[in-house]
There are 2 protein chains.
Amino acid sequence: MQSVYKLKLLGLKATMPRLKILELFESGEERHLAAEDVYRSLTITGVDIGLATVYRVLTQFEHAGILQRQNFDNGKAVYEINSGEHHDHILCVDCGAVEEFQDEEIERLQLAAVQRRSFRLSGHTLCLYAHCEKTDCPRRGDKAC
Amino acid sequence: MQSVYKLKLLGLKATMPRLKILELFESGEERHLAAEDVYRSLTITGVDIGLATVYRVLTQFEHAGILQRQNFDNGKAVYEINSGEHHDHILCVDCGAVEEFQDEEIERLQLAAVQRRSFRLSGHTLCLYAHCEKTDCPRRGDKAC
DNA sequence: CTTGTTGCAAATATTTTGCACCCAT
DNA sequence: ATGGGTGCAAAATATTTGCAACAAG
């Protein structure tokens with residue numbers, strides 16, 4: 001479906017900033033983007049947009065269910081397309097690469113852990129920090145870390 | 001052991017701000033404190049201390065292994081005593097209460113997940129968001145949320 | 001037309017840093 | 001006495017908000 005119609009179906013006016021931001025995430029080039037990344041990426045390609053608008057649109061998209069916000073330990077929030085399927089993240093502490101993974105068993109144990117304490121689970125954040133083995137990772141193969 | 005000696009053993013001068021902050025965490029009244037909480041708590045009890053110093057001391061204590069930093073999804077970092085034993089957190093989304101828990105099985109599955117992808121695990125963050133059933137929780141028993 | 005949206009600048013919130021003075025060792 | 005530690009104020013960083021101009025429906 002074209003981006004224009006996706007927005008209209010959600011009751012959002014199809015404005016230029018919204019279209020460009022949605023297309024950026026749907027292009028799939030970079031799945032995890034912070035507000036600043038979105039702003040820079042669009043500005044570079046000649047799209048004139050305000051940083052405040054980026055923040056506003058990202059928040060709207062999150063509420064509309066198009067995007068999901070993630071808070072990794074680096075101080076800035078990143079957004080990714082909400083595929084509907086839940087997944088957690090593995091983050092390389094050396095190069096910042098993000099990998100996604102799903103683990104039914106972990107999910108099940110989390111639910112059990114909350115229920116055992118009479119809580120009702122509402123959501124969760126699981127981020128594994130690790131060293132990756134990508135060829136361009138600055139500390140690849142460095143067993144010392 | 002008295003706080004003064006704990007600090008000296010770590011090569012830290014036993015200054016007033018450091019002692020007061022260490023004692024606050026060791027009093028155990030509140031396990032999870034943000035910089036602002038520490039500042040307010042000490043100021044109220046008549047301890048004259050600068051907020052910048054609180055931030056500096058918390059960072060030093062973290063590096064020294066006395067404290068551990070946690071980033072929940074509320075934008076501010078909280079610190080807790082580093083007991084040596086790893087644990088994860090359950091956070092009530094209604095009243096902010098924090099509960100700690102350990103789950104060997106989840107830990108084991110996390111390690112397996114990263115190893116399966118040829119990463120080397122360095123650390124992780126797991127925070128379960130839930131509704132608690134404490135008598136003073138503002139939305140206790142509210143099944144709608 | 002009308003209401004929601006945008007860009008800009010100013011405001012917030014959290015944390016860090018420069019610097020002159022102070023104090024634990 | 002001296003080098004690290006502190007308080008204050010200013011800077012840095014991330015995000016939000018007020019407001020007048022603007023544009024989608």
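Keep in mind that this is a model prediction, so the values were computed, not measured. Residue numbers begin at 1 in each chain, while the letters A, B, ... track the order of the sequences.
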Check: A:Tyr79 side chain, A:Arg31 main-chain N or O, donor-acceptor pair, under 3.5 Å: no
Terminal axis angle for the helix from C:dC1-D:dG25 to C:dT25-D:dA1, five pairs an end, nearest 10 degrees: 30°
A:Gln68: which of A:Val78, A:Asn82, A:Ile81 passes side chain to side chain contact (heavy atoms under 4.5 Å, CB included): A:Asn82
To the nearest Å, give me how far apart [atom1] ([X]) and [atom2] ([N]) are.
X: A:Lys8; N: C:dG4; atom1: NZ; atom2: P; result: 17 Å
X: B:Leu33; N: C:dT15; atom1: CG; atom2: P; result: 13 Å
X: B:Arg69; N: C:dT14; atom1: CZ; atom2: P; result: 14 Å

Between the protein and nucleotides 5-9 of chain C, list every N/O to N/O distance that falls short of 3.5 Å.
| unit_1 | atom_1 | unit_2 | atom_2 | d |
| --- | --- | --- | --- | --- |
| C:dT5 | OP1 | A:Arg18 | NH1 | 2.9 |
| C:dT5 | OP1 | A:Arg18 | NH2 | 2.5 |
| C:dT5 | O5' | A:Arg18 | NH2 | 3.3 |
| C:dT6 | OP1 | A:Thr15 | OG1 | 2.8 |
| C:dG7 | OP1 | A:Asp48 | O | 3.1 |
| C:dG7 | OP2 | A:Gly50 | N | 3.1 |
| C:dG7 | OP2 | A:Thr53 | OG1 | 2.4 |
| C:dG7 | N7 | A:Arg56 | NH2 | 2.8 |
| C:dG7 | O6 | A:Arg56 | NH1 | 3.4 |
| C:dG7 | O6 | A:Arg56 | NH2 | 3.2 |

Pair A:Val57-A:Thr53, side-chain contact (heavy atoms from CB on, under 4.5 Å): steps then yes or no: CA-CA 6 Å; A:Val57 172; A:Thr53 301; 4.0 Å; yes
Aromatic plane relationship, B:Phe72 with B:His32 - under 30° parallel, 30 to 60° tilted, over 60° perpendicular: tilted
A:Val98 with A:Phe25, same ILVMFWY side-chain cluster at under 4.5 Å: no
Any side-chain donor near an acceptor of the partner, B:Glu107 and B:His86, under 3.5 Å: yes
Interface limits on DNA chain D, where chain B has a heavy atom under 4.0 Å of a nucleotide atom: D:dG3 to D:dA9
Ring-ring centroid check A:His89 B:His124, cutoff 6.0 Å: no
Verdict with supporting geometry, B:Glu80 and B:Arg69, side-chain contact (heavy atoms from CB on, under 4.5 Å): CA-CA 7 Å; B:Glu80 65 182 308; B:Arg69 183 209 294 250; over 6 Å; no
Shortest non-hydrogen contact between A:Asp103 and A:Phe101, atoms and distance: CB-CE1, 4.2 Å
Close side-chain approach of B:Ile106 to B:Gln110, heavy-atom, < 4.5 Å: yes
Sugar-phosphate, base or nothing in reach of A:Ala77, heavy atoms under 4.0 Å: sugar-phosphate
Sugar-phosphate only, base, or nothing, as touched by B:Ala14 at under 4.0 Å among non-hydrogen atoms: sugar-phosphate
Residues A:Glu133, B:Arg117: salt bridge by 4.0 Å N-O rule: no
